[in-house]
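As the structure is a prediction and not an experimental result, all values here were calculated from the model. Protein chains get the first letters and strands the later ones, always in sequence-line order, with residue 1 at the start of each.
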Amino acid sequence: MEKTYQPQSIEQPIYQRWEDEGYFSPQGSGAPFSIMIPPPNVTGSLHMGHAFQHSLMDAMIRRERMKGKRTLWQPGSDHAGIATQMVVERQLAAQNITRHDLGREKFLEKVWEWKGQSGGTISDQMRVLGDSVAWDKERFTMDSGMSAAVQEVFVRLFDEGIIYRGQRLVNWDPVLHTAISDLEVISEEENGFMWYFRYPLADGEKTADGKDHIVVATTRPETMFGDAAVAVAPDDERFTDLVGKFVELPLVGRRIPIVADEYVDKEFGTGCVKITPAHDFNDYEVGKRHDMPLINIFTDDAKINENAPEKYRGMDRFDARKVVVEDFDGLGLLEKVVDHKLKVPRGERGNTVIEPYLTQQWYVAVETLAKPAIEAVENGDIQFVPKQWENTYFSWMRDLQDWCISRQLWWGHQIPAWYDAEGKHYVGMSEDDVRAKYGLAADLELTRDEDVLDTWFSSALWTFATQGWPEETQDFKDFSESDVLVTGFDIIFFWVARMIMMTLKFTNKVPFKTVYITGLIRDERGDKMSKSKGNVIDPLDLIGGIDIESLVKKRTYGMMQPRLAEKVEKNTRETYPEGIQAYGTDALRFTLCSLASGGRDIKFDLNRLEGYRNFCNKIWNATRYVLMNTEDQDCGQNGAEAELSLADKWIISRLQHAEEAVNRAFDTHRYDLAAQALYEFMWHEYCDWYLELSKPVLWDENATPAQLTGTRRTLVRVLEAFLRLAHPMMPFLTEEIWQRVAPLAGVEGETIMLASYPEAEEAKKDAQSEADVEWLKGVIEGVRNIRGEMNIAPSKPLDVLFRNGSEQDKARLEANLAFLQKLAKLETITWLNAGDEAPMSATALVGDMEVLVPMAGLIDKDAEIARLQKEIDKAAKDLERIEGKLSNESFVAKAPEAVVAKERAKCDDLKLMVSKLEEQKASIESL
RNA sequence: GGGUGUGUAGCUCAGUUGGGAGAGCGUCGCCCUUACAAGGCGAAUGUCGGGAGUUCGAACCUCUCCACACCCA
């Protein structure tokens with residue numbers, strides 16, 4: 001084996017072999033266990049969040065597979081309507097072609113062509129990450145099977161009256177010309193203005209303070225053409241008398257009423273709000289309450305339409321805004337303009353300001369679907385982890401809006417609706433089906449709805465449509481009710497909830513039993529990773545490494561603003577002066593698992609990754625040691641006689657505890673604790689102690705073959721078990737090593753992937769050995785402490801004496817002489833009986849027993865006094881606290897007996913310790 | 001404004017039913033000891049955000065205040 005761990009050279013060949021052998025596909029006859037991948041956007045690439053979620057999903061699926069389950073991790077991607085269409089349109093634009101030039105059919109051919117070329121990016125990344133997904137079952141939301149399911153669902157929901165066509169306000173992208181979902185709208189605070197407009201009162205009315213106008217404050221002057229009323233708070237005394245009166249809308253000359261509505265905040269602005277029901281979501285609601293007309297003043301491009309005075313028609317909304325303000329000013333109706341911060345809704349894709357816009361769209365009436373979806377979580381059929389998120393789910397489900405599912409795009413599932421010349425719609429599986437279903441004449445002209453469905457509509461069917469539904473296939477039966485969904489909290493609404501609704505509706509099953517919500521991976525400073533901030537880390541760069549120049553190039557590529565690019569470059573060079581090293585997939589996966597503690601935000605710290613890369617190296621080197629000492633030797637595979645040492649029994653016992661801890665952590669979705677338990681066991685028990693304890697046996701010329709076999713057997717067996725235990729989190733390293741170690745451990749199998757997952761065995765726990773090793777460690781650490789504090793080189797052999805030891809101490813000493821000599825580097829050990837003289841020594845306490853290191857020539861008197869004083873102070877502080885506790889009568893009276901007894905014992909120990917240390921100090925001082 | 005969450009060592013974070021404050025990284029000292037310097041051994045480090053309450057006992061439960069983050073309006 002190489003001297004250091006080189007992940008690059010082992011990882012991909014192993015993956016290739018796994019894939020070729022078909023290990024990822026469901027197999028065996030165990031109970032089914034499935035995870036459906038949240039289908040990534042086909043235009044994208046995997047980011048840290050994906051790497052995080054995939055690491056967890058793969059860990060789960062690998063463990064269940066090893067436990068003998070028939071596992072399916074379903075891969076696939078979604079067709080990402082807008083994003084994909086835009087990518088292809090941009091390519092066409094480079095050749096000066098629009099999609100309209102091509103026409104729908106040709107354009108869609110181009111999209112499929114593009115998908116064929118670029119759609120593989122994500123699968124390639126997943127292979128690098130080691131994802132054990134069933135590639136032969138990979139699905140795309142535009143596959144024919146998915147399309148059939150989508151159509152089936154649409155038609156059935158329509159026939160039940162759950163899908164309907166209606167006119168509502170939607171988020172309209174005036175550049176892309178489509179409705180978009182709330183998710184695709186990003187509202188962020190921007191600097192703007194609040195304009196104060198005077199609206200003259202009609203019919204000679206006056207305000208309470210004698211003015212002939214009221215003042216409305218608005219951030220969107222141009223929408224005033226669509227004003228339907230002015231609203232005031234019902235309890236606002238300033239305007240009580242004006243409710244029911246009218247104002248004359250300037251520039252338009254229309255009379256609009258003054259109404260009272262709860263929506264208005266008295267304190268905000270002037271207390272008078274212009275209500276534009278066709279162009280604002282809140283106003284729409286107000287308008288509905290007061291039966292106001294919906295006056296749409298925009299075209300699809302957000303230009304002023306014919307409902308506004310002629311002068312303004314055809315103006316862009318922002319040009320119109322300027323002109324309206326100027327005209328108000330000219331009329332003396334502009335009271336003031338103040339700076340104002342406001343949330344501006346922008347489209348995620350084109351950064352266009354999104355317009356609330358009145359259009360005909362298809363909707364899903366969600367009320368009847370929501371009820372069972374809420375119940376499924378209430379009654380525990382579906383559980384969120386961490387449980388906290390159930391509240392988020394409920395709060396959204398209780399306040400549901402009907403779901404707008406149509407999009408004015410070409411790329412997506414075309415809506416199976418046809419219109420006759422009068423615009424009446426018919427829904428069915430095909431035009432023929434529609435004619436038959438509705439009894440339409442063969443010569444009646446029908447045109448199909450041009451629009452497509454929201455991408456989320458098809459992803460909502462993901463768990464069952466991927467498994468063959470509407471056919472009752474075996475896969476559907478086995479896997480469609482999946483076990484765990486792993487996803488981020490940002491799509492609980494958009495995806496998780498909708499999946500639950502649709503799946504319950506059409507299959508009467510839940511889509512998943514557990515929803516594990518991951519935290520959001522942030523950069524080292526706690527900022528969200530985003531392209532525009534230039535702080536994105538590509539998981540593949542952590543795995544394969546990247547030099548600083550390439551990293552800067554990658555991060556600033558395509559940045560429009562040079563100033564921003566400069567800043568990004570500076571930050572990048574500061575944070576990664578040397579670029580990023582290659583840490584390997586296993587280290588990354590293990591790191592990500594160790595960060596999965598259930599928190600909301602996760603700062604990604606490269607030091608952590610480095611630490612776990614070092615852990616990989618530690619495992620690697622421990623293996624080298626094991627192989628050096630076991631290869632070509634008898635490790636008991638063939639049943640040779642084996643005698644287990646104390647260390648052997650101890651590490652076997654500790655392994656049971658580790659197995660227990662890891663399994664418990666997995667079962668409770670605490671992957672951080674599982675990682676911690678693996679780390680702790682491997683590094684601090686197996687490597688730090690057990691390997692060292694194995695040396696005195698293996699290097700003992702007088703060791704019997706049975707003793708040698710016992711230790712070799714334990715070395716390989718415990719390592720082999722650890723590899724299986726760790727495999728779900730670090731698949732490559734463990735496979736590489738397992739291939740060599742398993743035969744020595746007498747374990748057969750082609751791959752660790754299909755080996756059994758370790759479970760603790762109660763019978764292998766050995767409390768006596770654990771106590772004995774604790775004693776051994778106490779002695780060794782005592783001596784090491786003296787060495788360290790006194791600056792005695794580790795290489796210098798020491799003579800030590802044991803004083804005031806019990807029979808048990810003596811027995812332990814005799815049994816473990818070799819261990820002690822090797823690990824504490826001792827020349828001689830002398831047992832002192834009562835009354836024996838001891839030289840002046842530095843002392844370590846192990847229980848009541850004193851371990852003495854003679855000072856002559858080694859130890860400075862003052863230094864030893866100082867060291868003892870430090871120990872005394874520490875013990876005395878503890879003692880003081882405990883004595884205080886015990887002298888408190890109510891503590892002794894009311895605390896549980898066991899607690900009191902424990903404190904008493906501790907108190908006695910400390911007293912003894914302090915007195916011994918004091919004694920020792922005094923005797924040195926008297927020298 | 002409404003809701004949710006977070007605040008523990010210099011940094012990143014654990015802390016399971018209230019009963020001895022922990023880990024990793026970093027820091028300091030010693031050491032190339034035949035698996036590993038991506039290492040070994042040893043050491044230092046905390047008014048557990050502030051305050052009040054419940055309790056024999058609070059990092060943990062209750063209230064309140066402060067700071068920060070996110071979601072919704």
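- Candidate nucleotides B:U4, B:C25, B:U12 were compared by shortest atom distance to the side chain of A:Asn607, and B:C25 ranks first.
- Remark: P of B:C11 and CG of A:Leu595 are 18 Å apart, rounded to the nearest angstrom.
- Residue A:Lys906 has no polar side-chain atom (N or O) positioned under 4.0 Å from OP1 or OP2 of B:G19.
- Look at A:His684 and you won't find any side-chain N or O under 4.0 angstrom from OP1 or OP2 of B:A23.
- As judged by a 4.0 angstrom heavy-atom cut-off over every strand, A:Arg613 is placed among the base-contacting residues.
- Summarising the geometry, the separation between CZ on A:Arg600 and P on B:C70 is reported as 11 Å, rounded to the nearest angstrom.
- Taking atom CZ of residue A:Phe615 and atom P of nucleotide B:G24, one finds them 12 Å apart after rounding to whole Å.
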Stepwise side-chain hydrogen bond (donor to acceptor under 3.5 Å, both in side chains) check, A:Asp799 with A:Thr828: CA-CA 5 Å; A:Asp799 298 312; A:Thr828 64; 2.7 Å; yes
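- If you check B:C70, B:A38, B:A14 against the side chain of A:Asn614, the one that comes closest is B:A38.
- A:Glu781 comes within contact range of the sugar-phosphate backbone alone, with a heavy-atom separation under 4.0 Å but no base atom that close.
- Checking B:A35, B:C56, B:A38 against every side-chain atom of A:Thr4, the shortest atom distance belongs to B:A38.
- Remark: the separation of the C1' atoms in B:U17 and B:U64 is 27 Å, to the nearest Å.
- At least one side-chain nitrogen or oxygen of A:Lys618 sits closer than 4.0 Å to the OP1 or OP2 atom of B:G40.
- Here the nucleotide nearest the side chain of A:Trp683, chosen from B:A14, B:G40, B:A35, is B:G40.
- Across all strands shown, A:Glu692 has heavy atoms under 4.0 Å from base atoms, whether or not it also approaches the sugar-phosphate.
- In this structure, the CZ atom of A:Arg664 is 18 Å from the P atom of B:A14, given to the nearest Å.
- Residue A:Asn791 places its side chain closer to B:G29 than to any other of B:G29, B:U12, B:G42.
- Of the candidate nucleotides B:C56, B:C70, B:G39, B:C56 has the atom lying nearest to any side-chain atom of A:Lys894.
- Nucleic acid contact for A:Ala895: base, since at least one base atom lies under 4.0 Å from a heavy atom of the residue.
- In terms of phosphate contacts, A:Asn785 brings a side-chain nitrogen or oxygen within less than 4.0 Å of OP1 or OP2 of B:A43.
- Taking the six-membered ring where tryptophan is involved, the planes of A:Phe722 and A:Phe615 are perpendicular, since the angle between them exceeds 60° and thus also 30°.
- Judged by the 6.0 Å distance and 45° axis criteria, A:Lys618 is not positioned over the aromatic ring of A:Tyr679.
- Taking the six-membered ring wherever Trp is involved, the centroid distance between the rings of A:Tyr671 and A:Phe590 does not fall below 6.0 Å.
- Residue-level contact check: A:Gln388 touches the backbone only, with heavy atoms under 4.0 Å from sugar-phosphate atoms and none from bases.
- In this structure, A:Lys603 reaches the sugar-phosphate backbone alone: every heavy-atom distance under 4.0 Å involves primed, P, OP1 or OP2 atoms, never a base.
- A cation-pi arrangement is present between A:Arg784 and A:Trp689, with the terminal nitrogen or guanidinium carbon under 6.0 Å from the aromatic centre and inside a 45° cone about the axis.
- Taking atom CG of residue A:Leu798 and atom C1' of nucleotide B:C41, one finds them 13 Å apart after rounding to whole Å.
- Between the side chain of A:Gln6 and the base of B:A38, no donor-acceptor pair under 3.5 Å is found.
- Between the side chain of A:Arg589 and the backbone N or O of A:Leu56, no donor-acceptor pair lies under 3.5 Å.
- Between B:C41, B:C36, B:G19, one nucleotide has an atom nearer to the side chain of A:Arg624 than all others, and that is B:C36.
- Contacts of A:Arg670 with the nucleic acid, taken as non-hydrogen atoms under 4.0 Å apart, involve only primed sugar atoms and P, OP1 or OP2.
- Shown here for A:Cys687 and A:Ala622, the closest heavy-atom pair between the two residues is SG-CB, 3.7 Å.
- Classification of A:Glu355 and A:Arg220 as a salt-bridged pair holds, one side-chain N sitting under 4.0 Å from a carboxylate O.
- When heavy atoms are screened at a 4.0 angstrom cut-off, A:Ala622 is found touching base atoms of the nucleic acid.
- Looking at heavy-atom distances under 4.0 Å, A:Asn282 makes contact with sugar-phosphate atoms alone, never a base.
- Of the P atoms belonging to B:C41 and B:A35, the separation is 14 Å, rounded to the nearest Å.
- Among the heavy atoms of the strands, none lies under 4.0 Å from A:Trp389.
- With RNA chain B read from its 5' end, the first of the two nearest nucleotides for A:Arg522 and A:Gly599 is the one closest to A:Gly599.
- When the P atom is used for both B:C48 and B:G20, the distance is 16 Å, rounded to whole Å.
- One can place CD of A:Glu390 at 15 Å from C1' of B:U4, the figure rounded to the nearest angstrom.
- Nucleic acid contact class of A:Lys796 (heavy atoms, under 4.0 Å, all strands): none.
- Within the nucleic acid shown, A:Lys825 has no heavy atom closer than 4.0 Å to any nucleic acid atom.
- Among the atoms of the strands shown, only primed sugar atoms or phosphate atoms (P, OP1, OP2) are found under 4.0 Å from some heavy atom of A:Ser597.
- Where A:Asp688 and A:Thr623 each meet RNA chain B at their nearest nucleotide, the meeting point lying more 5' is that of A:Thr623.
- When the C1' atom is compared between B:A21 and B:U45, the two are found 13 Å apart, to the nearest whole Å.
- Regarding contacts with the backbone of B:C36, a side-chain N or O of A:Lys3 is found under 4.0 angstrom from either OP1 or OP2.
- Per the geometry, NZ belonging to A:Lys885 stands 11 Å off C1' belonging to B:G18, to the nearest Å.
- Between B:U8 and B:G15, the two C1' atoms lie 9 Å apart (nearest whole Å).
- Nucleic acid contact for A:Arg881: sugar-phosphate only, since backbone atoms but no base atoms lie under 4.0 Å from a heavy atom of the residue.
- One interatomic measurement links the two molecules: CZ of A:Phe494 to P of B:C72, which rounds to 8 Å at whole-angstrom precision.
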Full working for side chain to side chain contact (heavy atoms under 4.5 Å, CB included) between A:Tyr393 and A:Val515: CA-CA 11 Å; A:Tyr393 174 79; A:Val515 183; over 6 Å; no
